[in-house]
Structures are given as structure tokens and as C-alpha cells.
Amino acid sequence: MSDLTVYQPEFLYRYGRFHAGSTLHVGADGRILPEGPVPEGARVVRMPGRALLPGLVNGHSHAFQRLIRGRTEYVAAGHGTDDFWSWREAMYRAAEALDPEEVYTASRQAFLEMVLAGITSVGEFHYLHHQADGTPYVERNALAYEVIRAARDVGLRIVLLRVGYARAGFRVPENPRQRRFIDKDVDTFLASVEELVRETERQPGVSVGLAPHSVRAVPREWLTVLAGLRGDMPVHMHVAEQPKELEACVAEHGLRPVELLEELGLLESRFTAVHAVHVTEAEARMLGEVSAGVCACPSTERNLGDGIVPADRLASAGVRLSLGSDSQATVDLLEEARQLEGHLRLSRLRRAVLDPGGGAVEGLAARLFEMATVNGARCLGLPTGALEPGAPADFFTVDLNHPSLVGASPSSLLAGLVFGADKAAVRDVAVDGRLVVRDGQHPRTEESGRDFHALARRLYS
Ligand code: ZN
């Protein structure tokens with residue numbers, strides 16, 4: 001009896017294109033083995049009518065914000081033109097209200113939706129740390145552990161990007177609604193991160209990264225300390241999302257956000273700027289020169305009216321682009337890819353803006369798909385994103401007969417998927433070689449939905 005499992009889809013996506021008749025060999029340790037003849041005793045999983053692709057990597061998420069979906073789409077009475085107020089109010093209200101078990105419940109529902117959409121890894125930008133009055137929990141990372149447990153319970157790989165948050169902003173009075181986010185100093189923040197690393201290092205599917213929240217919420221002294229840290233832990237930060245952030249940064253430092261980060265020495269290849277909507281050509285070059293990443297979250301940037309990520313300029317400058325579901329306005333990473341390119345078309349008044357050139361039919365779709373897989377994995381420091389020998393077997397399949405995909409040929413399938421497929425076409429999802437979604441079904445769906453519904457009722461009725 002062999003410990004090998006062989007998946008036999010109709011088409012398998014590897015090395016930038018679909019192959020008919022290729023198989024995926026997975027060892028007992030959940031890692032991909034080189035393709036070869038099927039040995040005696042191997043477990044063969046036939047997948048007719050399905051295409052198999054590397055799992056999607058969600059580079060930026062705030063899981064609990066799933067709770068505010070549908071509850072912020074209006075201008076609040078008495079708040080004039082402040083269209084952001086209803087969103088921020090709903091976000092703070094949810095952030096203040098949740099006890100640890102509810103953080104678990106809210107996060108699990110968001111993560112379940114991700115897994116069902118073919119996402120196998122998430123970078124969770126986690127900023128809910130303390131009790132409602134700001135007092136740390138006895139177990140200071142209690143809420144981070146709840147978020148990790150939620151991800152692992154639905155089978156999702158997680159990189160817990162532990163957020164450092166110091167203040168409301170430059171010359172902005174303290175905001176009591178941010179008490180759960182704030183650590184008293186940078187050493188306290190780093191001690192929490194170290195403890196988190198120690199406690200999770202033997203947990204499969206869990207790793208940790210550093211996330212100074214933004215130049216608004218983190219002062220120069222913190223950033224200087226963080227820039228001096230060595231190691232290979234990913235560093236993520238919200239950068240240049242809204243014009244107000246730029247104005248405040250220039251007022252405080254005399255520099256734009258990316259210029260400040262460059263001056264402090266924070267920019268390097270393990271650094272990912274989340275959003276980078278309002279960046280100049282010079283700032284794009286600063287990011288590109290050190291092979292830093294940018295994680296675009298187009299559905300959230302669109303929902304919040306942030307602006308359009310200049311992905312064409314960033315990519316030409318050598319920046320590695322990845323994608324995130326951020327506020328969970330929608331959870332569909334291929335939709336993020338579609339919107340990234342779509343917003344550029346509306347802004348530049350032309351088609352196929354991110355096409356790398358060369359006339360290849362699948363060139364643009366392959367590039368966008370790379371952002372949703374390989375680049376996301378790289379920005380989170382994960383060995384996933386491609387179906388290569390030695391990598392964890394993280395993958396998903398789609399139903400080639402789904403109404404949104406039927407009729408695609410191997411050469412049009414990827415573009416059909418990236419530009420037109422419904423996420424309901426996703427059928428099977430595996431993380432570390434273990435199938436967590438089978439035929440579109442996840443075993444925790446009913447339980448998670450029931451608990452989440454009860455939580456939403458408590459918060460909103
Ligand atoms: Zn965010």
C-alpha cells in the first residue's frame with residue numbers, strides 16, 4: 001500500500017498554463033511529489049470535468065469586518081458629506097462589541113467563505129488585541145489565538161500579521177474607540193509578537209508577521225525600531241490608502257508615506273505596502289528597487305472610494321503585486337484580480353492594461369492569476385502558490401461544466417476563469433493535501449452560519 005495520492009483532473013494548471021492529462025502526486029506529508037507513473041497501491045482520485053489549480057492566496061484580510069457587510073452602504077443622517085462615517089462607525093461598533101468567542105465566530109465565517117472560494121492561505125492583518133476598556137487580556141494574545149483557531153477549524157492556512165497600533169494620528173486627540181488596538185509602547189508590541197511566534201511555531205499551517213498599522217497610527221520612533229529588526233518575517237503596512245493620510249504624513253514628517261519608509265530603511269523585499277493607491281512614479285520606483293510588494297484590495301478600495309491602485313506603474317517599476325479581500329465587502333480573489341485590471345481600463349480608457357505584451361492569449365490572465373497565487377504567497381513568506389514538487393499541496397478545482405465556464409478550451413480557460421467565472425464554480429479545495437471542501441461543500445458551513453447569524457442578531461437587533 002502506498003501513501004501516495006494521485007489527483008487526475010481533466011486539466012492541471014502548472015508553469016503558467018493548463019495541461020490535459022497531467023496528474024498531481026501528493027505524499028502522506030501533504031507535499032507535492034514529482035509527476036511520474038502511478039505506483040501500485042496509490043490512491044487515485046479521478047476528477048473528470050474539473051480543472052485543478054494552485055490555491056488562491058488572500059494577502060490582506062480583517063476577518064471580523066465580515067460582520068459589517070451590507071450595514072454601511074449609506075451616508076449617515078446628520079453627517080453631511082462624510083461618506084466614510086457610516087463605515088467607520090459600523091467597524092468600530094463591531095470591534096468594540098466582540099468577546100473572544102465572538103471574534104472566533106465572526107472570523108470563522110469569513111474564513112469559511114474564503115475556503116469555499118478557493119482561497120487556501122490568508123494574511124490576517126489582526127488589530128483587535130485587548131479587552132473593550134483597553135486592558136490586555138491575561139493571555140495577551142488571546143484574540144489572535146481565537147482568529148488562528150477559526151482559520152484552522154475551517155482548514156485555512158493563516159499568517160497572523162500582528163498589528164502594532166500606537167495612536168489615533170498626528171496631532172489627533174486620543175480616540176477611546178481604538179482602545180482595543182493600542183499597545184502602550186513598541187517593546188510591548190514586540191514582546192507580544194515574540195510570544196505569538198513561540199506559541200505557534202509548532203502549529204501546522206500557522207505563521208506570524210509584523211504589521212505596523214500605518215504612518216497615521218505608528219510614530220517615527222516605532223518605525224525606527226522596526227526598521228532595525230533583522231530576520232525574514234514578513235512586514236505589512238497600510239500605505240497611502242486615502243489622501244488625508246498623505247496630508248498628515250507630509251505635515252508631520254515633510255515626506256510622503258513611501259518616502260518616509262524609504263528614509264527609515266523599512267523598505268525591503270519582505271515589505272508589503274497594502275493599497276499604495278496614492279503613490280508617485282518616484283515612490284513606485286522606491287518600492288520596485290528593493291523588490292517590495294504591494295497588496296491591492298480593489299473591492300474594498302472601490303467600496304470605500306479610496307481610488308485606483310496604479311498597478312501598471314507599480315508593475316513597470318518592478319513591484320510585486322498581490323491581492324486581498326480586506327474588508328470582506330466581497331470574498332472572491334478572482335473578482336479582486338478582475339477589478340484591479342477593470343479599474344485601470346476605466347481610468348486609462350483602454351483594454352488589457354496589465355497585459356505583459358507578446359501577444360499571448362493567456363498572458364494577461366496568467367499575470368493576474370500569479371498575483372492571486374505566487375505573489376501572494378511570496379508577500380506572506382509562504383512556500384505555496386504554485387504546484388511544484390516540495391510545495392504543500394494547496395489547490396482548488398473548478399467545474400468545467402459550470403454555467404459560467406462551460407465551453408472554455410484549455411487556451412481560454414484561465415482568462416475565462418479570471419474574467420468571468422462565478423466563485424460557485426469552485427468544487428474541491430485542499431490545504432496541505434487534505435481536502436477541506438468536497439464537491440462545493442464544507443462540513444462546518446451550517447454550524448458556522450448558525451453561530452454567525454446569532455452573533456449578527458445580537459449586535460444589530
Ligand atoms: Zn486593511
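Because the structure is predicted, anything quoted here is derived from the model rather than measured.
- Partners of E101 according to the side-chain hydrogen bond (donor to acceptor under 3.5 Å, both in side chains) rule, which considers only residues two or more places apart in sequence or in another chain, are R149.
- Side chains of L67 and L98 form a contact here, defined as non-hydrogen atoms less than 4.5 Å apart.
- Partners of D428 by salt bridge (charged side-chain N to carboxylate O under 4.0 Å, His left out), not counting sequence neighbours, listed by chain and number: R50.
- Using a 4.5 Å heavy-atom cutoff, the side chains of T272 and V235 are not in contact.
- Residues Q328 and R66 share a closest heavy-atom pair of CG-N, 3.7 Å.
- No donor-acceptor contact under 3.5 angstrom links the side chains of S291 and S269, judged on distance only.
- Between F189 and W222, the ring-plane angle classifies as parallel under the 30° and 60° cut-offs.
- The shortest side-chain heavy-atom distance between R256 and V250 falls under the 4.5 Å cut-off.
- Q109 is linked by a side-chain hydrogen bond (donor to acceptor under 3.5 Å, both in side chains) to S448, counting only residues two or more places apart in sequence or in another chain.
- Screening V426, V429, T445 against V437 for a side chain to side chain contact (heavy atoms under 4.5 Å, CB included) leaves a single residue, V429.
- Within the model, atoms CD of E268 and CG of D232 stand 10.0 Å from one another, a figure rounded to the nearest 0.5 Å.
- Atom CZ of residue F181 and atom NE2 of residue H129 lie 9.0 Å apart, to the nearest 0.5 angstrom.
- In summary, the aromatic rings of Y13 and F395 are positioned with their centroids too far apart to meet the 6.0 Å limit.
- With hydrogens and angles left out, the side-chain atoms of Q65 and S327 include no donor and acceptor closer than 3.5 Å.
- Using bins of under 30°, 30° to 60° and over 60° for the plane-to-plane angle, the ring pair W87/F84 lands in the parallel bin.
- Taking CG from N58 and SG from C295, the interatomic distance works out to 7.5 Å, rounded to the nearest 0.5 Å.
- The CZ atom of R177 lies 9.5 Å from the CE atom of M91; values are rounded to the nearest 0.5 Å.
- In this structure, CG in L128 is found 10.5 Å from CD in E96, a value given to the nearest 0.5 Å.
- Salt bridge status for E447 with R108: present, with a side-chain N to carboxylate O gap under 4.0 Å.
- Checking T23, L387, L24 one by one against E35, the side chain to side chain contact (heavy atoms under 4.5 Å, CB included) holds for a single residue, T23.
- You'll find the side chain of L156 stays beyond 4.5 Å of the side chain of V431, heavy atoms only.
- Scanning both residues, V279 and A240, for their nearest heavy atoms gives CG1-CB, 4.1 Å.
- The environment of CZ in R17 is sparse: at most 12 heavy-atom neighbours from other residues, nucleotides or ligands sit within 6.0 Å.
- Using a 4.0 Å cut-off between charged nitrogen and carboxylate oxygen, R162 and E124 do not count as a salt-bridge pair.
- Annotation: D439, atom CG; neighbour count of heavy atoms from other residues, nucleotides and ligands within 6.0 Å is above 12.
- Side-chain contact between V398 and L52 is absent, with no heavy atoms from C-beta onward closer than 4.5 Å.
- Contact annotation: the side chain of S299 never approaches that of R302 to less than 4.5 Å [non-hydrogen atoms, C-beta and beyond].
- Checked by atom type and distance alone, the side chain of T135 never pairs as donor or acceptor with a backbone atom of Q131 at under 3.5 Å.
- For the side-chain hydrogen bond (donor to acceptor under 3.5 Å, both in side chains) condition, the pairs that include at least one residue of residues 193-208, sequence neighbours left out, are R140-E195.
- The pair E146-R152 does not count as a salt bridge, with every side-chain nitrogen at least 4.0 angstrom from each carboxylate oxygen.
- In this structure, the ring-ring contact (aromatic ring centres under 6.0 Å, His included) partners of F64, at least two apart in sequence or on a different chain, are Y127.
- Side chains of Y92 and R180: no donor on one and acceptor on the other come within 3.5 Å.
- Between A42 and V6, the shortest heavy-atom contact is CB-CG2, 4.3 Å.
- Sorted by first and then second residue, the ring pair (Phe, Tyr, Trp, His ring centres under 6.0 Å) pairs with a member in residues 225-244 read H60-H238, H62-H238, F125-H238, H213-H238, H238-H275; sequence neighbours excluded.
- Considering only residues two or more places apart in sequence or on other chains, D432 meets the side-chain hydrogen bond (donor to acceptor under 3.5 Å, both in side chains) condition with R157.
- Closest of all the heavy-atom pairs between L354 and L364 is C-CD1, 3.5 Å.
- Side-chain contact, D394 with T384: no donor N or O sits under 3.5 Å from an acceptor N or O.
- At a threshold of 4.5 Å between non-hydrogen side-chain atoms, the residues F271 and V239 count as touching.
- Listed by first and then second residue, the side-chain hydrogen bond (donor to acceptor under 3.5 Å, both in side chains) pairs that reach into residues 368-377 come to none, sequence neighbours excluded.
- The pair E263-R220 meets the salt-bridge criterion, since a charged nitrogen lies less than 4.0 angstrom from a carboxylate oxygen.
- By the salt bridge (charged side-chain N to carboxylate O under 4.0 Å, His left out) test, R438 pairs with no residue at all, sequence neighbours left out.
- Partners of V172 by side chain to side chain contact (heavy atoms under 4.5 Å, CB included), not counting sequence neighbours, listed by chain and number: A168.
- Shown here for A273 and L287, the closest heavy-atom pair between the two residues is CB-CD2, 4.5 Å.
- Atoms CG and OG1, from L435 and T397 in turn, are 8.5 Å apart once rounded to the nearest 0.5 Å.
- Contact between A377 and V57 at its shortest, heavy atoms only, is N-CG1, 3.6 Å.
- Other residues, nucleotides and ligands place more than 12 heavy atoms under 6.0 Å from the CZ atom of R348.
- Under the 3.5 Å distance criterion, with hydrogens and angles disregarded, no donor-acceptor pair is assigned to the side chains of D451 and Y104.
- Under the 3.5 Å distance criterion, the side-chain polar atoms of E283 are matched with a main-chain donor or acceptor of T280.
- Looking at T120 and V115, their side chains never come closer than 4.5 Å, going by heavy atoms from C-beta outward.
- Salt-bridge annotation for K244 and E247: absent, with no side-chain N of the basic residue lying under 4.0 Å from a carboxylate O of the acidic one.
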Step by step, would you call L161 with L380 a side chain to side chain contact (heavy atoms under 4.5 Å, CB included)? CA-CA 9 Å; L161 299 160; L380 292 173; 4.0 Å; yes

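- D306 pairs by the salt bridge (charged side-chain N to carboxylate O under 4.0 Å, His left out) definition with nothing, not counting sequence neighbours.
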Go through the steps to decide whether E335 and K423 satisfy the test salt bridge (charged side-chain N to carboxylate O under 4.0 Å, His left out), and finish with yes or no. CA-CA 9 Å; E335 174 65 22; K423 67 178 176 178; over 6 Å; no

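- By the salt bridge (charged side-chain N to carboxylate O under 4.0 Å, His left out) test, R367 is found to be paired with no residue, residues two or more places apart in sequence or in another chain being considered.
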